[in-house]
Structures are given as structure tokens and as C-alpha cells.
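Note: hydrogens, waters and symmetry copies are ignored here, and every other heavy atom, side chains too, is used.
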Amino acid sequence: MSIAVYLRKEYFRAVTIKDKSAHILEFQYRPQTVDVFEEGYQVFHMEYILESKTKAEIMEFYLTDFALRGKGYGTVCMDEIADQLAKKGVTLITAPTGYELAPLGYTGPDQYHELMAGFYEKTGFSISGDGDIAMKILGEQ
């Protein structure tokens with residue numbers, strides 16, 4: 001079961017990534033997905049469910065081009081999406097830090113798990129004691 005929360009369907013946001021370059025990103029929200037485009041090219045995809053009006057769970061997210069990793073796109077997209085969810089009353093976001101099988105391009109589940117935990121911590125999430133869940137309480141900074 002999922003709960004519908006209305007978010008603006010499409011909007012543009014100016015962001016600055018790691019190398020201090022400015023970019024205009026288009027955020028497209030659909031029920032349970034967010035896609036982000038730059039100049040018409042998809043750069044980020046997220047799938048999530050709203051377990052309640054105040055709790056969201058990220059099912060998966062990824063940069064669509066492996067070459068974009070490490071440049072700051074994931075961070076600015078995750079921060080923006082969390083801000084939008086917070087504005088709609090979501091107070092907790094959870095996400096797995098890894099999967100049994102690592103996605104293509106990673107040496108294995110352990111490497112992927114470590115990278116994901118680091119990414120989530122960088123974007124303000126806390127990692128659970130056993131390390132398998134990332135959690136972020138919204139509205140507190």
C-alpha cells in the first residue's frame with residue numbers, strides 16, 4: 001500500500017555541483033518516482049514509496065550515466081527531493097544501504113554497501129547499528 005502526497009509535478013532548480021559549476025536541473029515527480037533531467041538528458045532516477053503521510057522509503061535510486069558518479073549530482077538531487085518531501089509533511093526517510101547483489105560496475109555487495117553508506121551519511125542520513133538501513137529525520141538540521 002502507498003499513500004499519495006502531492007508534489008509539484010515538474011520544476012527547474014539551479015544547483016551548484018562539486019566542481020562549483022552551475023547547472024539547471026528539471027525535477028519530474030510522479031507517483032512513486034522522481035526523474036531529474038539536465039538539458040533534456042536524464043541524470044537521476046529514484047523510486048520510493050510513502051508508507052504513511054510522514055514516512056517515505058527509498059526503494060532505489062541511481063545516476064543514469066556511470067560517468068556522472070562522484071560529481072555531486074546524486075547529492076544535490078537527494079537533498080532537493082528530501083526538502084520537497086519535508087515541505088509535504090514527511091518526517092522520516094529510510095533506505096537500504098545495499099542489496100544482496102551489487103549493481104553492474106561494482107566489485108561486489110560489500111563495496112556497494114560501503115559506498116552507499118558513505119553517500120547517505122554525506123547527505124545527512126544516519127546509518128543503523130547493523131549498517132543495513134539509512135535513516136533521515138526531516139525538519140531537523
Side-chain angles (χ1 to χ4, degrees), residues 1-19 21-141:
M1 180 183 102
S2 66
I3 310 289
V5 170
Y6 177 76
L7 294 167
R8 288 185 291 171
K9 288 192 179 203
E10 297 176 16
Y11 64 92
F12 291 88
R13 178 63 48 107
V15 299
T16 303
I17 61 171
K18 254 167 114 171
D19 67 1
S21 60
H23 299 261
I24 304 292
L25 300 181
E26 179 184 5
F27 288 78
Q28 293 185 1
Y29 288 85
R30 303 288 181 263
Q32 302 180 341
T33 65
V34 182
D35 291 299
V36 182
F37 297 84
E38 182 173 31
E39 297 178 357
Y41 176 75
Q42 184 177 19
V43 295
F44 183 88
H45 174 80
M46 175 188 285
E47 293 182 21
Y48 68 96
I49 59 170
L50 291 166
E51 295 178 3
S52 70
K53 289 187 181 210
T54 60
K55 184 177 179 190
E57 181 178 359
I58 296 171
M59 304 310 288
E60 73 169 340
F61 75 91
Y62 52 86
L63 293 168
T64 53
D65 183 345
F66 209 72
L68 296 176
R69 265 199 48 221
K71 298 188 184 311
Y73 282 94
T75 299
V76 298
C77 290
M78 186 66 74
D79 288 344
E80 174 63 22
I81 292 164
D83 287 348
Q84 290 300 315
L85 289 171
K87 288 177 184 175
K88 295 301 176 183
V90 173
T91 58
L92 176 66
I93 300 175
T94 61
T97 55
Y99 306 97
E100 286 185 33
L101 298 173
L104 196 62
Y106 296 91
T107 58
D110 291 340
Q111 180 209 24
Y112 184 69
H113 178 84
E114 188 175 311
L115 287 169
M116 290 304 296
F119 170 79
Y120 279 122
E121 287 179 325
K122 183 171 57 174
T123 56
F125 284 72
S126 298
I127 306 302
S128 66
D130 58 7
D132 64 344
I133 299 287
M135 299 163 283
K136 183 172 186 173
I137 297 172
L138 303 178
E140 295 182 359
Q141 296 297 327

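Checked against side-chain contact (heavy atoms from CB on, under 4.5 Å), Ser128 has the following partners two or more places apart in sequence or in another chain: Asp130, Asp132, Ile133, Met135. In terms of the salt bridge (Lys or Arg N to Asp or Glu O under 4.0 Å) criterion, residue partners of Arg30 (sequence neighbours excluded) are, by chain and number, Glu10. Looking at residues two or more places apart in sequence or on another chain, you find a side-chain contact (heavy atoms from CB on, under 4.5 Å) between Gln42 and Asp35, Phe37, His45, Thr64. The side-chain contact (heavy atoms from CB on, under 4.5 Å) test applied to Glu60 returns Glu47, Tyr62, Tyr99, not counting sequence neighbours. The ring pair (Phe, Tyr, Trp, His ring centres under 6.0 Å) test applied to Tyr120 returns Phe61, Phe125, not counting sequence neighbours. For Lys122, the side-chain contact (heavy atoms from CB on, under 4.5 Å) partners at least two apart in sequence or on another chain are Thr75, Phe119.
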Under the criterion side chain to side chain contact (heavy atoms under 4.5 Å, CB included), I'd like the reasoning laid out for Val36 against Glu80: C-alpha separation, chi angles, the key distance, then a yes or no. CA-CA 11 Å; Val36 182; Glu80 174 63 22; over 6 Å; no
Assess the residue pair Lys87 and Gln84 against the criterion (side chain to side chain contact (heavy atoms under 4.5 Å, CB included)); give the C-alpha distance rounded to whole Å, side-chain angles, the decisive distance to 0.1 Å, and a yes or no. CA-CA 5 Å; Lys87 288 177 184 175; Gln84 290 300 315; 3.7 Å; yes
Steps toward side chain to side chain contact (heavy atoms under 4.5 Å, CB included) verdict (Gln32, Met59): CA-CA 9 Å; Gln32 302 180 341; Met59 304 310 288; over 6 Å; no
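The side chain to side chain contact (heavy atoms under 4.5 Å, CB included) test with Phe44 singles out one residue from Ile81, Val34, Asp65, and that residue is Ile81.
Between atom CD1 of residue Ile17 and atom CD of residue Glu38 there is a gap of 7.5 Å, rounded to the nearest 0.5 Å. Atom CG of residue Leu63 and atom OH of residue Tyr73 lie 9.5 Å apart, to the nearest 0.5 angstrom. Rounded to the nearest 0.5 angstrom, Ile93 CD1 and Ile58 CD1 are separated by 5.5 Å. To the nearest 0.5 Å, atom OG1 of residue Thr91 and atom NZ of residue Lys136 are 13.0 Å apart.
Residues Thr54 and Gly89 approach most closely at CG2-O, 3.5 Å, considering heavy atoms. The shortest non-hydrogen separation linking Ala82 to Leu138 is O-CD1, 3.7 Å.
Using a 4.5 Å cut-off on side-chain heavy atoms (C-beta onward), Leu115 and Arg69 make contact.
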